[in-house]
Amino acid sequence: MGLNRRTFLQKASLGLATLGVSETLLSLLGNSGLAVPGIDRYFQVLAQPLGRKLALLVGINKYPRSTVLDGCVTDVELQQELLIHRFGFNPKDILILKDHQATRENIETAFIEHLTEQAKAGDVVVFHFSGFGSQVKLSQGYQTDTSVALQNSLVPVDGSLTKKKPKVANDLLEETLVLLLRSLFTDQVTTVLDTSHTVADSLLQGNIKVRSSTNPPAQEASRDELAFQEQLRRRIQDSGKGMVNQKSVSVVPGSMNPMAGLVLTAAEPNQMAMEAKWNGFSAGLFTYALTQYLWQAIPTTTSQVSLTHAGVMVNQLTGTQQQPRLGGQSSLEPIPTYYLPLDPSMGADGVVTAVEDNGQTAQLWLAGLPATVVDYYSNNSVLKLVGAKSGVSQLQITSKDGLTAKAKFIGASTNNNQLQVGQLVQEAVRVLPRNIGLTVALDGNLERIERVDATSAFSSISTASIVQAGEQPADYLFGKALSSKNAGGGGYGIFYIDGEPIPNGVGEAGVAVKSAAMGLAGKLNTLLAAKLLRLTANDGSSGLGIRVSLQMIEPEQKLVMQLETSRTASSSRVDLVGEGEAKSQAELTQTLTEAGVPILPVGSRLHYQIENYGDQPVYFLLLGFNTSGNAIALYELPFLETSQTSENSPSIKDAVIAPGETLTLPSAVASVGGIVSGPSGMVEMQLICSRSPFTEASKALDAVPSRRGIGAPIDDLFNPLDVAKAVLQDIHDASANSLDSSLSIAADSYALDVNTWATLSFLYRVV
C-alpha cells in the first residue's frame, strides 16, 4: 500500500530539515545532555496528563501541466512551526508530504500509518491539506442517492489535474477523508483544509491565485480509490466501531458535517480559497491568518474565536468572497483550537531558528506578525527574548527576507549560552518606513492600450504605484467591472485583489481609462489611510492593558466581539479579571458558535465598552470605514469636557480612560449613538490607544469641518490620510522617550514602542 512506515518517518525528518527546523534542533532533540529550556518547553508545555500529539501536513505547489500554486508548501511550514512552538508538538510526530511526495496513495498510506495506527484514545491529531480542490461525479453504480451527482475531492499531485478533461479522477474523495477520520481511535482531531471545490475560470483571479481546479468534474473516481474506501469500511467494522456502509456517510457538496472532530475550511462551499503574494513569500490567506493569530493568542482561545480572527484578516484583503468556515461533529462546542490549550506563556511573534557568528547573530522566523505588518517590518526593528533573565535580551533586525530575518544582539554584552534555537521572541519596537504608498495591480483582462493609459494616469497620483497582475504583490486591483457583478457595470475602478469591487470605487460605463483612474485619487487616499492604520495593529504584542467588548444593544442585547491585548506586564490585570472575565469569555464563545466575521442587521445599535486594566491613563481614538467605503470617526464624547472654538464647532479634546475604569462609546446618553446604517457591506473600525495624547491627530480631526452639530457621535472623516499619518506620528513621538538612545533609527522611519500604544481592529458585516 505504498511507502512503508520507516520510509515515511525518514521523509518526515527530511521535511523538517527543509522546512526550517535546523539540524541543530534535530541534534538537540536526540541529545538530552544538550537540552535547553527552549527545547524542553516544546515537550513539557502543558503540566497536565495529555496524550500524544500527531500531525500530517500536506502541501502541493508543483502540480503537472504548469498548473502551479505558490503558497501551499509555506502553509505546511506555517503549521509545522506553530504546532511545535505554540502547541508543544514533538517534531518527530509531525509528518510532512509536499509536492511530488503527495500522491493520492502516499497521502492515504501516511494517514493510516502515521495517524490511524499510532493515535490512541485521548491523543490529539491534526490533518492539514493545502492544494487544489475539485469535484468528481459518482457513477450510477456507486451512487446511493440519485439526487447527489458530485462529490468534493482533494487533488493530489497525481490527481485530476494531470489531464485537461479527465474522465477518471485519481483524487482523494471527501468520503475517503470521512472514513479516514472515522478510523481514528480518538475524537480530538482537527482537519484544516485550505482548498476549495468550485470550478475556477482561471488560476489567476485578480492578483491572487485560487485553489480550485479549472477542470470540469471528472466522470468517475478511480477504481483504486473506491477499493481503498472498501478497505477502510472493513477496517472500521473490524475495529469494533460498527458497520460503515455507503448510506452511513452523507456526501453533500461542500459539506464536511459527517467528519469527526473539528473541520476548519478556508471558504464557504460556493467560494474559492485564495493564496496571495507578499514580499518574499506566498501563503494561503486562511492558513496565514489562522496560524498568525494562534502565535499571539491567549491559552484559552476557542476554535470559534480563532476562526473569527482569521476571517477578519481574510476579509480585509478580499472583501466578502472568502469566508472561513467551521464544521464537523464538534463545531458547536466551545473547544480549544486543535483541542489543546496554547503554551501558557504570553504568546510570541516569532522564534529563533538558528544561531550564527559565534552567538553574535540569530536567524528568526516571524510568522507571529500580521502579514500586512511583516511586509513592512524594517531593519532596526527590535525584538526581545521571551524568558531571558540576564545578559542580552534584545535583538535588532539587520536584514529580512519574507518571513525570515537576521538580527544582532543589542544592549548588554553577549552571553553565548543564553541564546538558543527554539527560544521565542516578542516584538519590542516596530520600525516602519514613512514613504508607504499603495501598490495597484493592473487587471490582466485589460487590453494593452487600456493598461498603457492607466499606467500614464497613475503616474500622476503620488500615493500609488502600478504593477502587472500576477507578477508582484499588490494592495488592490485596477480593472473594468462586469455589468453582471455590480451596479456600475462596465466602468473602470478599484477592486480588492480578488476582483471584488471596492464600495464606491467603480465609475460609470463609458468613462475613459485615464479619466476613471484620475478620478480615483480621493478613494486611493482613503484606502491608503486604511492601510496605514492596519500597520498599527498590535493587540497581540501591545504592552497596554486594554479590553474592548463590541455589544449590540438593539434590536437585541448580545456580545458581538471581544478583543483584548494579550501581552501585558501589568500586575493589575490579575486584580481586575476573574469571574467577570470568565463569564464574558463564556458569553462570547456562545455568541460565536457559528464562527466567522459577525453579521449584524441594518439599524442595529452598538456600543464599544473599553476597559483600561493597566496602571496608567490611556488616551484613545475611534476611526474606521463604513459600508460605503467612506472614512468615519468618533467626534462627540458626551462624557468628556470639550472646548469651543466657535458656537457650532466643538474642538476635539483628549479622550482618556483612567486606570481600572471602563467607558462606553458612544456614550449611553447619546441619542443616536452607534446606529448601524446601510447599505449592506463590511464595516472596519480601529480603536487606537496610547499612553500619550494624540496631539497631531486631534489637530487633523479639527482641520476639516464635519456634521458634528447634528448630534451623530460617529460621522464622516473628510481627511483620513492626514489623520492616519498624524496617528503614526503621535505614536512615534510617544515612543521617543522610551527608546534606547543607542538604537539607530533612520529619519525616514517611524519607531513605535509596543508598550506605548495598542490598536484593536473590529470588522463586521452589515446586511
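Just so you know, residue 1 is the first one in the sequence shown, and it goes up from there.
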Visitor: Hey, do the aromatic rings of Phe478 and Phe458 have their centres closer than 6.0 Å?
Guide: yes

Visitor: Would you check if the side chain of Ser628 reaches a backbone N or O of Asn630 as a donor-acceptor pair within less than 3.5 Å?
Guide: no

Visitor: Stepwise, does the side-chain contact (heavy atoms from CB on, under 4.5 Å) test hold for Thr190 with Leu264?
Guide: CA-CA 7 Å; Thr190 302; Leu264 284 68; 3.7 Å; yes

Visitor: Check the pair Val467, Val440 against side-chain contact (heavy atoms from CB on, under 4.5 Å), reporting the backbone distance first and the verdict last.
Guide: CA-CA 6 Å; Val467 298; Val440 179; over 6 Å; no

Visitor: About how many Å separate CD of Gln551 and CZ of Arg605, when rounded to the nearest 0.5 Å?
Guide: 12.0 Å

Visitor: Less than 4.0 angstrom from a charged side-chain N to a carboxylate O is my criterion; do Arg211 and Asp75 meet it?
Guide: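 A salt bridge is present here (some side-chain N lies under 4.0 Å from a carboxylate O).
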
Visitor: Above 12 or not: heavy atoms from other molecules or residues under 6.0 Å from CG of Asn270?
Guide: yes

Visitor: Quick one: does Thr302's side chain have a donor or acceptor within less than 3.5 Å of a partner on Val305's backbone?
Guide: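 The answer is yes, because a donor-acceptor pair under 3.5 Å joins these two groups.
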
Visitor: Say whether, by atom type as modelled, one donor and one acceptor occur between the side chain of Asn626 and the main chain of Val683 under 3.5 angstrom.
Guide: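 Not confirmed, Asn626 side chain does not pair with Val683 backbone.
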
Visitor: Do Ile494 and Leu477 come close enough that some side-chain heavy atom pair is under 4.5 Å?
Guide: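 Not touching, per the 4.5 Å side-chain cut-off.
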
Visitor: Are any of the side-chain nitrogens in Asp443 or Lys480 under 4.0 Å away from the carboxylate oxygens of its partner?
Guide: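 No.
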
Visitor: So with a 6.0 Å cut-off around CD of Glu556, is the heavy-atom count from everything else above 12?
Guide: yes

Visitor: Which atom names give the shortest non-hydrogen contact between Gly444 and Ala469, and what distance separates them?
Guide: N-CB, 4.0 Å

Visitor: Backbone N or O of Thr287 within a donor-acceptor pair of the Thr291 side chain at under 3.5 Å?
Guide: yes

Visitor: Are any of the side-chain heavy atoms of Val374 and Trp278 separated by less than 4.5 Å?
Guide: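 Contact flag for Val374/Trp278 side chains = no.
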
Visitor: Measure the CD-CG distance between Gln468 and Leu442 for me, rounded to the nearest 0.5 Å.
Guide: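 Answer for the CD-CG pair, Gln468 versus Leu442, is 5.0 Å.
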
Visitor: Regarding Thr198 and Ser212, do their side chains bring together a donor and an acceptor under 3.5 Å, going by distance alone?
Guide: no

Visitor: Checking the side chain of Gln271 only, and the main-chain atoms of Gln323 only, is there a donor and an acceptor separated by less than 3.5 Å?
Guide: yes

Visitor: Would you please test Leu623 and Ile688 for side-chain contact (heavy atoms from CB on, under 4.5 Å) and show each step?
Guide: CA-CA 8 Å; Leu623 307 171; Ile688 308 167; 4.1 Å; yes

Visitor: Give a yes or no answer on whether the side chain of Lys523 reaches the backbone of Pro503 with a donor-acceptor pair at less than 3.5 Å.
Guide: yes

Visitor: Quick one about Thr195 and His197 (side-chain donor to acceptor, distance below 3.5 Å, no hydrogens or angles considered), yes or no?
Guide: no

Visitor: Between Ile546 and Val618, is there a side-chain heavy-atom distance shorter than 4.5 Å?
Guide: yes

Visitor: In Å, rounded to the nearest 0.5 Å, how long is the span from CE of Met274 to CG of Asp194?
Guide: 11.0 Å

Visitor: Distance only, no hydrogens: is a donor on one side chain within 3.5 Å (strictly under) of an acceptor on the other, for Tyr293 and Thr301?
Guide: yes

Visitor: Which heavy-atom pair separates Phe495 from Gly479 by the least distance, and what is that distance?
Guide: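 That would be CE1-O, 3.5 Å.
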
Visitor: Side-chain contact test, heavy atoms from C-beta onward, threshold under 4.5 Å: evaluate it for Leu290 versus Ser306 and give yes or no.
Guide: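 Contact flag for Leu290/Ser306 side chains = yes.
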
Visitor: Using a 3.5 Å distance criterion without hydrogens, assess whether the side chain of Glu275 forms a donor-acceptor pair with backbone atoms of Gly71.
Guide: yes

Visitor: Backbone N or O of Asn538 within a donor-acceptor pair of the Ser542 side chain at under 3.5 Å?
Guide: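 Side chain of Ser542 to backbone of Asn538: no pair is present.
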
Visitor: Looking at Ala273 and Ala267, what are the two nearest heavy atoms and their distance?
Guide: N-CB, 4.1 Å

Visitor: Within the structure provided, determine whether Thr337 and Leu294 are in side-chain contact (heavy-atom separation under 4.5 Å).
Guide: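 Yes - at least one pair of side-chain heavy atoms lies under 4.5 Å apart.
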
Visitor: Do you see a donor-acceptor pair shorter than 3.5 Å between the side chains of Thr565 and Asp539?
Guide: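 There is no such pair (donor and acceptor under 3.5 Å, judged by atom type) between the side chains of Thr565 and Asp539.
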
Visitor: If you round to the nearest 0.5 Å, how far is CZ of Arg765 from CG of Asn315?
Guide: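 Answer for the CG-CZ pair, Asn315 versus Arg765, is 7.5 Å.
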
Visitor: Give the C-alpha distance, both sets of side-chain angles, the deciding distance and a yes or no for side-chain contact (heavy atoms from CB on, under 4.5 Å) between Tyr496 and Leu317.
Guide: CA-CA 6 Å; Tyr496 290 101; Leu317 297 172; over 6 Å; no

Visitor: Compare all side-chain heavy atoms of Pro555 with those of Ser604 and state whether any distance is below 4.5 angstrom.
Guide: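 Contact flag for Pro555/Ser604 side chains = yes.
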
Visitor: In terms of side-chain heavy atoms, does Thr320 have a donor or acceptor partner in Glu500 at a distance below 3.5 Å?
Guide: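 Indeed, the side chains of Thr320 and Glu500 share at least one donor-acceptor pair under 3.5 Å.
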
Visitor: Any side-chain donor-acceptor pair under 3.5 Å between Gln135 and Asn152?
Guide: yes

Visitor: So, do Asn207 and Gln472 sit near enough that their side-chain heavy atoms are less than 4.5 Å apart?
Guide: no

Visitor: Under 3.5 Å, is there a donor-acceptor pair between the Glu684 and Gln686 side chains?
Guide: yes

Visitor: Nearest heavy-atom pair of Gly505 and Leu520: which atoms, and what distance?
Guide: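 It is O-CD2, 3.5 Å.
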
Visitor: Which atom pair, heavy atoms only, marks the closest approach of Ile632 to Phe625?
Guide: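 Looks like CG1-N, 3.9 Å.
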
Visitor: When rounded to the nearest 0.5 angstrom, what distance separates OH in Tyr476 from CG in Leu528?
Guide: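 Answer for the OH-CG pair, Tyr476 versus Leu528, is 9.0 Å.
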
Visitor: Leu606 versus Val676: any side-chain heavy-atom pair under 4.5 Å?
Guide: yes

Visitor: Is there a donor-acceptor contact under 3.5 Å linking the side chains of Lys514 and Tyr492?
Guide: no

Visitor: Could you state the interatomic distance from CD (Gln316) to NZ (Lys531), rounded to the nearest 0.5 Å?
Guide: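 Taking CD in Gln316 and NZ in Lys531, the distance rounds to 13.0 Å.
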
Visitor: Does Thr627 use its side chain to pair, donor to acceptor, with the backbone of Ser680 at less than 3.5 Å?
Guide: no

Visitor: Is the side chain of Gln296 donor-acceptor paired with the backbone N or O of Gly368 at a distance under 3.5 Å, no angle test?
Guide: yes

Visitor: Show the nearest heavy-atom pair for residues Leu559 and Ser549, with the distance to one decimal.
Guide: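 Taking every non-hydrogen atom into account, CD1-CB, 3.6 Å.
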
